[in-house]
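Source: prediction; values computed, not measured.
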Amino acid sequence: MAYWLLKSEPDTYGIDDLARDGTNMWEGCRNWTVRGFLKDQMKPGDLGFFYHSNIAPIGVIGIMEVVSEGYPDPTQFDPKSDYYDPKATPEKPRWTAIDVKFIRKFDRCVTLQEMKDNPSLEGMLVVRKGQRLSIMPVEEHHWKEVLRMAGA
């Protein structure tokens, strides 16, 4: 099992939306590194932190589980979608999606600033300056420390 951090803006799709839906597609990622994670590395049973971005406070708000292998992201084929890619075809898809399942919401957000201030999280990708990926791997010791910080 691997651990991940997946970012989303709560006004687009937040943890409360995933809690309501139970399971949903994680789509719209348009970065080649992130596509590699979705397509080749993320597997059913992996766990991910749900990270709220572009809202105060930004940070980890809960946990989700990967419940599917990667598959072609259907939004790439939809001209009405914000994630439409005219170079993508069903025969040659460019982008990948996965399905995720809600596990739990934390009682409080573990903020990015708290994580940056915690020496035990040194080296965690999300705390590195300039790290902007929407999905990133999380090392097991970092996973456990964020859980401890969340009181989980």
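- Judged as a side-chain contact (heavy atoms from CB on, under 4.5 Å), and not counting sequence neighbours, the contacts of Gln131 are Leu125, Arg128, Leu133, Met136.
- Contacts classified as salt bridge (charged side-chain N to carboxylate O under 4.0 Å, His left out) and involving residues 66-80 (residues at least two apart or in different chains) are given here: Arg30-Asp73, Lys43-Glu69.
- Atom CD of Glu145 sits about 4.5 Å away from atom CG of Asn118, to the nearest 0.5 Å.
- Linking Ile, Leu, Val, Met, Phe, Trp and Tyr residues whenever their side-chain heavy atoms come within less than 4.5 Å leaves Tyr3 and Val67 in two separate clusters.
- The side-chain heavy atoms of Asp21 and Tyr13, taken from C-beta on, include a pair separated by under 4.5 Å.
- The side-chain heavy atoms of Met42 and Thr96, taken from C-beta on, include no pair separated by under 4.5 Å.
- More than 12 heavy atoms of other shown residues, nucleotides or ligands fall within 6.0 angstrom of atom CG in Asp117.
- By the 6.0 Å contact criterion, CZ on Arg132 is open, its count of non-hydrogen atoms from other residues, nucleotides or ligands being 12 or less.
- From Ser53, atom OG reaches atom CG of Leu6 across 11.0 Å, with rounding to the nearest 0.5 Å.
- Between Trp4 and the options Trp26, Tyr51, Phe37, Phe49, a ring pair (Phe, Tyr, Trp, His ring centres under 6.0 Å) holds for only Phe37.
- Distance CG/Leu112 to CD1/Ile58: 4.5 Å, rounded to 0.5 Å.
- Looking at heavy atoms from C-beta onward, Leu47 lies in side-chain contact with Trp143 at the 4.5 angstrom threshold.
- The six-membered or imidazole ring of Tyr83 lies away from that of Trp95, with a centre-to-centre distance of 6.0 Å or more.
- The CE atom of Met149 sits 8.5 Å away from the OG atom of Ser120 when rounded to the nearest 0.5 Å.
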Show your working on side chain to side chain contact (heavy atoms under 4.5 Å, CB included) between Arg94 and Trp32 and close with a plain yes or no. CA-CA 9 Å; Arg94 294 166 51 99; Trp32 293 108; 3.5 Å; yes

